[in-house]
Amino acid sequence: MFMRLLFLFLVLFAATSFTTSAQTLTSPNGKLKLTFSLDAVGGPQYDLQYAGRPLLLPGKLGFTVKSGTEQLEHGFSNPRYAYTTEDSHWQPVWGEERLIRNHYNELLVSLDNNSRKVNIRFRLFDDGLGFRYEFPKQDNLYCFVIGEELTEFNLASDAKTFWIPGDYDTNEYPYMTSKVSAIDTLMKRATVEITAQHPIGSPSVQTPLMLKTDNGLYVNIHEAALVDYPAMQLNVHASKHAFSAHLVPDALGGKGDITTPATSPWRTVIVAEDARNILASRIILNLNEPSKIEDTSWIKPTKYIGVWWEMFVGRGSWNYTNDYHVKLEATDYAKVQPNTTHAARTEHVKHYIDFAAKHGFDQVLVEGWNIGWENWINPMREYVFDFVTPYPDFDVKELQRYAHDKGVRLMMHHETGAAATNYEHHIDTAFRFMKQYGYNAVKTGYVGWIKPKGEHHDSQWMVNHYIRVAKKAAQYGIMVNSHEAVRPTGLSRTYPNWLAQESSRGTEFEAMGGLAPEHSTILPFTRLMGGPMDYTPGILRTIFSYYDTNNQGQARTTLTKQLAYYVTMYSPLQMAADLPENYEHFADAFQFIKDVAVDWDTTHYLEAEPGDYLTIARKTKGKEEWFVGGITDEHSRTATVDFSFLPKGRKYIATVYEDAKDADWKTNPMAYRIRTKKVGHKEIWKQKLAPGGGFAIHITPDL
Ligand code: NOJ
Ligand code: CA
């Protein structure tokens, strides 16, 4: 009898501790419901429902461990649960809005397997889920190497998705649009333009991943606060419309060195019935730590021009000389034949400074100013740049004086050639050099294969490198704009001097084959979900045969779509990328770029559908002034602009920059019209956009 009772007890115990320990959490508005449970072998799992319907089916949580025998996959029992709620507001240093609400319900699950502790913290907001792993300090789990993170995202139905292939080193891909169930076939198809530099064996995609489920829900999967951990890519299990975490390996194949106490980044699943609310979600920022920089008064949203586009259209070069065979030392430059198209020459840069001063730009980026560009793409590039030695024709002292007298700053460029170790070696000297010459912003770049060898742009060592650079820059009062870095995860909240990143295909690709007209309607739902992009818009001269009759290239947009980008591509750092002579030529359209703000009180997402169109209105920070931007893909469309975001009872003047009637990105891209019209709170306009077109509106009070 006793034995039977004991058996019954054990069965019941096993049942309660392993299979029936489901615990739920609901979002503040009750629409999202998360369920946590342990499966039959004590493996943690979760599922997510939206409005009573399954959105994510049960998916695994946990880890395999590469070092040692500690497995963090199953065998967990007796989970403990703690609930909390948060509802507060905070002010970002800069952003799409002045005040951000942080409102969620939290469930902290404490797990134990063979006295190894792992906690999983779930936060459910009205617009989605965030969860992360926490490894408390403990005797039985001190240092370990992750084999793989097991997190799964198992969609309950198939979905349309906007994806780029998995790659450990670059996110500069065109977006593909397909059903999740078709990703693997598409990835194999030779006709598809996919050339993953570091292809992941199994079909995989990168985040932020944008999805629209067959039930019409918009879902975005990404991560927040990627610190001291590799980036997460996603393996695709196409037939099951499911994804599983695939962390970027380090040089030894490990997927994260963990020393307890530690936390993983947050995994985010943003959910909305309306695509506009994906863009309006602040979950990723809310899950990042507040600013670690106390005095942020020196951090300023910035509009800049640059000695840059001329290199892409073939007029200028980064190199000082073409006369070289081996690596040139500083003293060699006096002996070589200078290249007449070297762009960073003092007199030439002065024209840019004059132009910036005349038109109210804050900064002038100058690329190709420092020695080393002759050799920068070579396997020994770790020795190429020292970041402090100008070419003989770049007079840093004189340019500094000249810019300063005109109230303009030069923007520094540190192309590292991906030799991150070399950059770290020189970084203090480089930043001191910047301070000495009055620079307060740097564009960094990581083109090429990472040094240390075997590391990747998205592996843990590099993730930490970018943060080290941002932190060090803050110590020197320097703002950072990183190119080719791991895609952002909201860390600009914590390090607001890290103004922007590239980390996706930007305008440079208009000169390298062209960006599909839909690209810019996808980016806000993908790359920009993690943070601002240095997209470098403003190419008004969209046809490149102007530079060279053999150049058949063109930006695949109309002229006014380029203006709209200043509103639709959110960033506190905006470049006017075209050449001064083109801005002089299109002076009336250029006025919009001069006027547009880079920091905002409020943002209104008026219309949005990923891959198709976007209309956004924003109010300038601290000013009675609004800007509206609308863009479309390759199809013409009529946007509906509802001006109810304007205060009631007052009239405003709208200056409208729009595609001419016969404009078309392919055949007639630079045809535009500018008109002014009174507008008020009650008005709703129909606004025509050409194929590949856009419009931009500047609204000021009617005085
Ligand atoms: C790629 C960057 O995206 C681009 O802006 C830069 O000019 C080149 N690398 C050279 O650093
Ligand atoms: Ca790039």
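Just so it is clear, the model here is predicted, and its values are computed rather than measured. Every number for a ligand or one of its atoms is a count from 1 in the order of the listing.
- Proximity of a side-chain donor or acceptor of Gln552 to a complementary backbone N or O of Thr549 within less than 3.5 Å is detected.
- The backbone N or O of Gly513 sits less than 3.5 Å from a side-chain atom of Arg556, completing a donor-acceptor pair.
- None of Thr268, Leu285, Leu226, Thr207 except one satisfies the side-chain contact (heavy atoms from CB on, under 4.5 Å) rule with Thr489; the exception is Leu226.
- Among Val447, Leu365, Val307, Thr444, the residue whose heavy atom lies nearest to atom 9 (N) of ligand 1 is Val447.
- The shortest N/O to N/O separation between Glu502 and ligand 1 falls below 3.5 Å.
- The shortest N or O to N or O distance between Glu367 and ligand 1 is under 3.5 Å.
- Residue contact check for ligand 1: Trp373 places a non-hydrogen atom closer than 4.0 Å to it.
- Tested against Phe592, the residues Phe627, Tyr566, Phe586 include a single ring-ring contact (aromatic ring centres under 6.0 Å, His included) partner, Phe627.
- Salt bridge present: Glu96 and Arg618 bring a charged side-chain N and a carboxylate O closer than 4.0 Å.
- Of the candidates Tyr439, Trp373, Phe387, Trp373 is the only one forming a ring-ring contact (aromatic ring centres under 6.0 Å, His included) with His413.
- Aromatic pair Trp461/Tyr466: ring centres not closer than 6.0 Å.
- Numbered from 1 in the order shown, with element, the atoms of ligand 1 that lie under 4.0 Å from a heavy atom of Trp308 read 4 (C), 5 (O), 6 (C), 7 (O).
- Residue Lys443 places a heavy atom less than 4.0 Å from ligand 1.
- One finds no salt bridge joining Arg487 and Asp458 here, because no Lys/Arg side-chain nitrogen approaches an Asp/Glu carboxylate oxygen to under 4.0 Å.
- Close approach of ligand 1 to Trp318 is summarised as follows: ligand atoms under 4.0 Å from at least one heavy atom of the residue are 7 (O).
- Nearest residue to atom 3 (O) of ligand 1 from Glu172, Met575, Glu508 is Glu508 (criterion: closest heavy atom).
- Those atoms of ligand 1 with a heavy atom of His413 less than 4.0 angstrom away are 11 (O).
- Here is the list of ligand 1 atoms found below 4.0 Å of a heavy atom in His483: 2 (C), 3 (O), 5 (O).
- Counting the atoms of ligand 1 from 1 in the order shown, those under 4.0 Å from a heavy atom of Glu484 are 1 (C), 2 (C), 3 (O).
- Counting atoms of ligand 1 from 1 in the listed order, those under 4.0 Å from a heavy atom of Glu415 are 9 (N), 10 (C), 11 (O).
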